[in-house]
Number of protein chains: 2
Amino acid sequence: MIRRTVRDIRRRNRSDVLQCTYAAGHPVNRQQIAAATGLSTATVATLTGELLAAGVLHEVGQEDSRGGRPRARLSVNGARGLLIGTDVSEDFVHIALFDLAMRVRGTFERPLDPGGSSPLDVVELVALGVDEVLRDSGADRERVLGIGVSVPGLVEKEHGVSLLSVYGHWENVPLKALLAERLGFPLYLDNPLKASTVAELWFGAGRGVDNLVVVTLRTGVGVGMALDGALYRGVTNCAGEWGHTGLVRKGRGCRCGRLGCVEAYVSAPGILQTLREADPHSPLPALEDQRAAIAGLAEAVRRGEPAAVQALEDTGDHLGAAVSTLINTLNPRVLVLGDWTAQRLGEPLLDATRAAAARYALAQPFNAVSMQLCRLPHNPVSMGAAAFALEGFLADLASGAGRAGRGGARPVRG
Amino acid sequence: MIRRTVRDIRRRNRSDVLQCTYAAGHPVNRQQIAAATGLSTATVATLTGELLAAGVLHEVGQEDSRGGRPRARLSVNGARGLLIGTDVSEDFVHIALFDLAMRVRGTFERPLDPGGSSPLDVVELVALGVDEVLRDSGADRERVLGIGVSVPGLVEKEHGVSLLSVYGHWENVPLKALLAERLGFPLYLDNPLKASTVAELWFGAGRGVDNLVVVTLRTGVGVGMALDGALYRGVTNCAGEWGHTGLVRKGRGCRCGRLGCVEAYVSAPGILQTLREADPHSPLPALEDQRAAIAGLAEAVRRGEPAAVQALEDTGDHLGAAVSTLINTLNPRVLVLGDWTAQRLGEPLLDATRAAAARYALAQPFNAVSMQLCRLPHNPVSMGAAAFALEGFLADLASGAGRAGRGGARPVRG
Ligand SMILES: [Zn+2]
Ligand SMILES: [Zn+2]
């Protein structure tokens with residue numbers, strides 16, 4: 001059983017103070033933090049004091065308070081250290097280097113041979129990318145506070161093992177140990193569903209939201225959930241495999257071997273198959289670069305090409321039916337359509353999905369949910385992976401372990 | 001945003017101590033409580049002290065501790081007061097009177113005209129039943145600590161309004177105010193999905209389980225969730241409407257007006273329709289009493305009648321596909337098939353559902369979940385409704401309000 005302690009509340013409150021400082025986008029005073037978080041001014045004073053002492057926050061001037069004592073304006077101290085977020089997708093590796101204020105210092109991206117990469121290939125490519133991004137941005141390796149890595153599939157947190165069995169070719173790979181040894185940073189491993197959700201919680205549509213659902217649409221499909229304010233993992237950290245739940249009984253074959261999965265219809269390959277059904281002569285589904293193919297579909301929709309519009313409408317219908325299961329069952333406040341497939345198809349996909357969900361979902365939970373596109377400024381998975389590293393750093397700060405102590409040992413955790 | 005406080009932790013710990021005392025089924029000492037809950041012996045000493053002072057626990061003798069100080073054996077003090085649980089189903093009203101140790105002191109049951117009862121009819125029937133069950137058991141009205149009432153559909157907690165719009169005939173009924181005024185007890189209103197889940201958390205398969213899903217199969221269908229140890233409600237308290245999510249696209253018509261809902265296949269009427277499809281001459285689907293019809297189907301399955309066996313297999317296939325969505329998405333530890341339809345069909349339904357889920361769900365979350373029949377000794381909805389009243393009483397105990405203070409005012413809460 002999960003037992004919450006006073007220490008958990010402290011950790012949660014500290015995260016809330018910091019999230020609210022990120023969210024403001026400009027320096028804030030302690031009174032504003034108290035108002036935004038609902039914490040008492042005394043608690044805010046204690047927590048900001050700790051974060052100032054640790055160098056995570058810094059004072060950036062003062063403001064008049066109409067005759068009273070001048071109020072210190074606080075912001076996240078970007079210079080305190082660096083965070084790396086890594087998105088090992090099925091068809092590319094994306095790495096982003098952030099300062100602690102979440103300003104991008106550099107990025108790296110390289111295509112991956114779909115289905116053709118061994119775990120060691122991936123470890124080497126990540127190590128190469130990290131070296132390159134640090135070198136290109138002139139950053140000091142010693143100032144990296146931690147790295148988060150997202151890999152597709154099921155990541156068992158307890159044993160640090162990556163179970164990518166959905167994809168067949170990797171099973172029980174000790175990816176965390178391999179990466180940690182090669183990189184030498186505190187390392188946090190999870191999957192894109194959870195990373196995207198944590199990115200929205202820290203920096204996006206999930207800030208201050210008690211029940212959030214983030215739908216990831218890329219080569220694979222799944223969902224991340226933050227329920228009653230905290231990331232929901234399930235008992236073996238594999239919650240969110242909604243992509244392989246049934247949408248059409250005895251429908252399209254899915255790469256998991258089942259029939260009619262959600263993923264077979266609303267993943268990038270699924271959407272391209274819908275386009276192929278609408279227009280067998282479309283050149284887009286045959287493109288090797290799926291992101292270019294989806295961008296081409298979005299462009300054809302803008303031009304009003306009938307087959308493209310039909311494919312988009314059909315996709316909205318599939319996705320609307322599929323998210324209605326989430327809306328009815330979880331009654332969330334916010335549902336984000338995220339990742340590159342949704343970002344490229346944009347508002348037309350959102351509109352078609354919302355219209356379909358209005359038909360499929362019950363009125364009460366549908367009226368309670370705000371359906372949105374992801375508005376994060378960078379790859380949400382890399383941002384979320386970096387947020388895992390940030391959370392680890394903050395936990396270390398509280399216990400005095402790891403790099404939080406400025407120059408301590410470098411344990412592997414997560 | 002949900003903000004957890006030190007007071008929440010105290011309340012949770014107090015519930016854990018009491019749940020563990022109920023669960024033991026026999027008197028327990030403080031060391032056993034500490035071991036079962038994971039709380040420190042100091043915390044257990046404080047909490048049991050409070051519960052003893054409030055008369056909720058009492059000492060029932062001592063035991064030797066091999067030369068040490070004799071240890072007090074504690075149990076719940078049934079004589080401290082009474083709880084009433086009321087299940088307003090679509091086709092019957094069931095009321096159970098419990099002492100605080102959850103021993104049944106009396107029950108009441110009366111059929112309801114499906115679709116034909118007005119809110120005031122229901123209020124009067126509940127009031128009549130409460131009077132009858134108190135009178136028949138010789139119980140003193142003044143000793144009732146609270147009453148929980150479950151009604152089908154969507155219950156908006158904040159405004160105390162029952163939205164039964166799924167069923168068409170009731171909308172925006174201020175049922176809570178009507179019942180509270182008529183009955184004069186502290187009153188807690190919610191729906192059968194949440195009541196069943198709270199019953200499993202307090203007295204059944206959910207004790208000590210971090211992620212629990214309870215599927216309710218009766219005239220209507222839905223799901224209750226206790227995630228990371230707490231009942232999950234969603235943002236407007238209408239989480240769990242999984243019964244009206246799509247199972248078969250363009251499938252059977254559902255009474256909500258949509259096509260192919262889970263409920264259209266695995267509710268009692270849905271199962272009887274499946275039987276009718278397997279054997280158009282079966283007399284069971286035409287019975288007015290659905291509970292008798294489902295009992296008849298269970299009997300026919302035991303006798304090995306081919307159409308009945310076929311209907312049961314088909315139902316297991318439908319239900320296995322439908323619960324796989326919950327298993328993949330929520331990755332629960334325990335999934336209970338509950339309520340009278342599941343109880344009557346029993347092990348054969350559980351086996352057929354488990355076999356189908358093994359095909360439809362992903363291996364990792366399927367292997368992590370224990371699928372079980374509800375084993376609660378009484379109507380789970382009435383037990384859960386009484387548990388809501390118990391939780392309210394415990395909350396009042398902490399704040400000194402209501403009947404917890406022995407003879408205080410009788411506020412309406414929930
Ligand atoms: Zn699949
Ligand atoms: Zn329906």
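So you know, we letter chains A, B, ... as the sequences are listed, proteins then strands, and number each from 1. The figures here come from the full heavy-atom set of this structure, side chains too, leaving out hydrogens, waters and symmetry mates.
- With respect to chain A, the highest number of heavy-atom pairs below 4.5 Å among B/R359, B/R333, B/M225 belongs to B/R333.
- Scanning both residues, B/T329 and A/L326, for their nearest heavy atoms gives CG2-CD2, 4.1 Å.
- Counting only distance, with no hydrogens or angles, the side chain of A/Y232 and the backbone of B/L330 share a donor-acceptor pair below 3.5 Å.
- Counted within 6.0 Å of CZ on B/R249, heavy atoms from surrounding residues, nucleotides or ligands total more than 12; the atom is thus considered enclosed.
- Counting heavy-atom pairs closer than 4.5 Å to chain B, the top-ranked of the candidates A/L259, A/T325, A/V223, A/L193 is A/T325.
- Residues A/V235 and B/A368 approach most closely at CG2-CB, 4.1 Å, considering heavy atoms.
- Contact tally against chain B (heavy-atom pairs below 4.5 Å) for A/V262, A/N328, A/N331, A/V369: the top residue is A/N331.
- Looking at B/P365, the atoms closer than 4.5 Å to chain A (heavy atoms on both sides) sit in the backbone and in the side chain alike.
- Taken to the nearest 0.5 Å, the CG atom of B/N367 stands 9.5 Å off from the SG atom of A/C238.
- Contact between B/R258 and A/A361 at its shortest, heavy atoms only, is NH2-O, 2.8 Å.
- Counting non-hydrogen atoms of other residues, nucleotides and ligands closer than 6.0 Å to CZ of A/R252 gives a total above 12.
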